[in-house]
Amino acid sequence: MANIILSHSPTRCMQDSLLIKESKGLEEMAPEACSLMSIYRRFKPQFFMVLSQMGYTFLYFITEASFNHGMNPHVYITYRHILAGFVMLPFAYFLERKARPKLTLALFLEIFILSLLGVSLTLNMYFASFKYTSPTFLSSMVNTIASLTFVFAVVLRLEVLDLRRPRGIAKIAGTLVSLAGVMIMTLYKGHLIRNLWHPLIHIKSSTMTHENWFKGSVLTVASCITWSIWYIMQAITLKRYPAQLSLTTWMNFVGGAQSAVFTIFVEHKRAAWTVGLNIDLWSIIYAGVVCSGLIIFLQLWCTEEKGPVFVTMFNPLSTILVAFLAYFALGEKLYMGSITGGVIVIVGLYLLLWGKEGDQEVCIKSRKQDQNPREEEKDLKIQIATQEDVLKGGT
């Protein structure tokens, strides 16, 4: 028996050593996993917004190809949002069945206005201005939405702005720097950068005449203003209706119905409503499922977490991504002004994000201050109760 025990002891020692190494490895991996999860939780809104702008970047190319193919923009908006409503409906119904508040008439009217500002009115004005102005003017004006939203948020006291603190100054500086970068990207060309290879994708360009520049400018400016108000109103509506999936579904259905009514008066040809198995169908599916469905939901979540200014400040990223992707994939011209403006936009975005981090610190401090009086009240009650027990025991 002693020999048997001695013969098995080395293997047991090896097993024990392997178990010790595995446990040490798990202990070393655990802090790394926790750190990665903490980083993800901290920067989840930033990750979602970058992902959203990447989705909008691809939307630009597939929509341009569809419009050049002959797709009516107003019909496209209608189909896109109705499809998004049907896609988001089952998720909203089952996942938010208990969390969804009761829909009152006043709340439905608020969602009706929200859908009008963010879907039917804004997008139809924006796409209608395509035939009156240039893409350069459109891209420069759309990127001013972040600055307009910041001004509206400060006026309505939805944005914390303390000019006595460096982070408050960083918010204003970041907004102005990003706006300057956008203007440089769109208004200044600089030296032309030669293409390194032939274009990988060919998109047929359309010959579009600018009929009325003033009319197009009015439509573009109006769409930017309503877009900014839409972002502000999202933050207000989410306080009364904190169900992002359900709100996304309602906005798509109501906005699609509003756009359908408008399109019927504008477009009377039945052929415009017919969509075949071509780029028109794929653009509607992508825009409905990804952009009007998933991305709008992510934006609503980020609006509730960080505010409307945080969401709109990421809009210039799509302009940067479109410029670089068009250069590498489509063979379009790229100028030094676009690169310089892109770098300035990123610097401004970093300043604003650094300033927004101060809002979290203020919220945490206010929560602690709210909790401290409650804890002090509890301690006082405990002390009073113990004193009464002591007196009762003495008597």
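The first residue in the sequence is number 1, and the count goes up from there.
The structure places CG of L89 at 9.0 Å from CZ of F94, a figure rounded to the nearest 0.5 Å. Going from atom CG of D280 over to atom CE of M71 covers 5.5 Å, rounded to the nearest 0.5 Å. Taken from CD1 in I295 to CE in M54, the straight-line distance is 10.5 Å, to the nearest 0.5 Å. With values rounded to the nearest 0.5 angstrom, Q234 atom CD is found 4.5 Å from T303 atom OG1. Remark: L51 CG to Q46 CD distance equals 13.0 Å, nearest 0.5 Å. Distance check: L298 CG to L294 CG gives 4.5 Å after rounding to the nearest 0.5 Å.
Side-chain atoms of E305 and F310, non-hydrogen and from C-beta on, never get closer than 4.5 Å to each other. In this structure, Y56 and N315 have side chains that are not in contact, with every pair of non-hydrogen atoms separated by 4.5 Å or more. Looking only at side-chain heavy atoms (C-beta outward), S66 and W282 stay at 4.5 Å or farther from each other.
In the hydrophobic clustering of this structure, I285 does not group with V119; members are Ile, Leu, Val, Met, Phe, Trp, Tyr whose side-chain heavy atoms approach within less than 4.5 Å, directly or through other members. At a threshold of 4.5 Å between side-chain heavy atoms, the hydrophobic network of Ile, Leu, Val, Met, Phe, Trp and Tyr places L176 and F152 in one connected group. I82 and V289 sit in two unconnected hydrophobic clusters of ILVMFWY residues. Membership requires side-chain heavy atoms under 4.5 Å apart, directly or through other members. Hydrophobic cluster membership differs between V309 and V151, with clusters built from Ile, Leu, Val, Met, Phe, Trp and Tyr side chains linked at under 4.5 angstrom. L114 and F112 fall within the same hydrophobic cluster, defined by Ile, Leu, Val, Met, Phe, Trp and Tyr side-chain heavy atoms under 4.5 Å apart, directly or through other members.
Listed for the R167 side chain is a donor-acceptor partner under 3.5 Å among the backbone atoms of W354. Formation of a donor-acceptor pair under 3.5 Å by the T226 side chain with backbone atoms of S223 is found in this model. A donor-acceptor pair is defined here as one N or O able to donate and one able to accept, closer than 3.5 Å; such a pair exists between the side chain of Y79 and the backbone of W273. Q299 places no side-chain N or O within 3.5 Å of a backbone atom of T312 that could act as its donor or acceptor partner. The backbone N or O of A235 sits nowhere less than 3.5 Å from a side-chain atom of E304 that would complete a donor-acceptor pair.
Using modelled atom types and a 3.5 Å distance limit, the side chains of S259 and S120 yield no donor-acceptor pair.
Side-chain heavy-atom separations under 4.5 angstrom define the hydrophobic clusters, and the remaining members of the one that includes V266 are F262. Counting Ile, Leu, Val, Met, Phe, Trp and Tyr side chains that sit under 4.5 Å apart, directly or through other members, I169 stands alone, with no cluster partners.
T249 and A92 make their closest contact through OG1-CB, 3.5 Å (heavy atoms, listed as atom of the first residue, atom of the second, distance). Heavy-atom minimum distance, I145 versus W227: CD1-CE3, 3.5 Å. Taking each heavy atom of L300 and Q244 in turn, the nearest pair found is CD1-O, 3.6 Å. The minimum heavy-atom distance linking K171 with G355 is given by the pair CE-O, 3.6 Å. Closest non-hydrogen pair, A272 versus V75, comes out as O-CG1, 3.6 Å. Summarising the geometry of Y241 relative to S246, their closest heavy-atom pair is OH-CB, 3.5 Å, with the distance given to 0.1 Å.
The list of salt bridge (charged side-chain N to carboxylate O under 4.0 Å, His left out) pairs with a residue in residues 228-243, not counting sequence neighbours, reads E110-R240. Sequence neighbours left out, not one pair with a member in residues 154-177 passes ring-ring contact (aromatic ring centres under 6.0 Å, His included).
Only one option out of I77, T263, T78, L116 pairs with Q258 in a side chain to side chain contact (heavy atoms under 4.5 Å, CB included); it is L116.
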Let me have the donor-acceptor pairs involving side chains of residues 250-257, under 3.5 Å, with sequence neighbours excluded, atom names and distances please.
| from | atom 1 | to | atom 2 | distance (Å) |
| --- | --- | --- | --- | --- |
| N252 | ND2 | T248 | O | 2.8 |
| N252 | ND2 | S292 | O | 3.0 |

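No more than 12 heavy-atom neighbours from other residues, nucleotides or ligands sit within 6.0 angstrom of CZ on R157.
A ring-centre distance under 6.0 Å is found for F67 and Y76.
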Evaluate the side-chain contact (heavy atoms from CB on, under 4.5 Å) criterion for residues I113 and L109: first the C-alpha distance (whole Å), next the side-chain angles of each, then the deciding distance (0.1 Å), finally the verdict. CA-CA 6 Å; I113 298 172; L109 291 175; 5.5 Å; no
side-chain contact (heavy atoms from CB on, under 4.5 Å) for T149 and M313? Distances and angles first, verdict last. CA-CA 9 Å; T149 306; M313 282 304 298; over 6 Å; no
Could you give me the CA-CA distance, side-chain angles and deciding distance for I344 and V347, then say whether side-chain contact (heavy atoms from CB on, under 4.5 Å) is met? CA-CA 5 Å; I344 294 173; V347 172; 5.6 Å; no
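Here Y286 pairs with F58, L59, I62, V290, C291 under the side chain to side chain contact (heavy atoms under 4.5 Å, CB included) rule; sequence neighbours left out.
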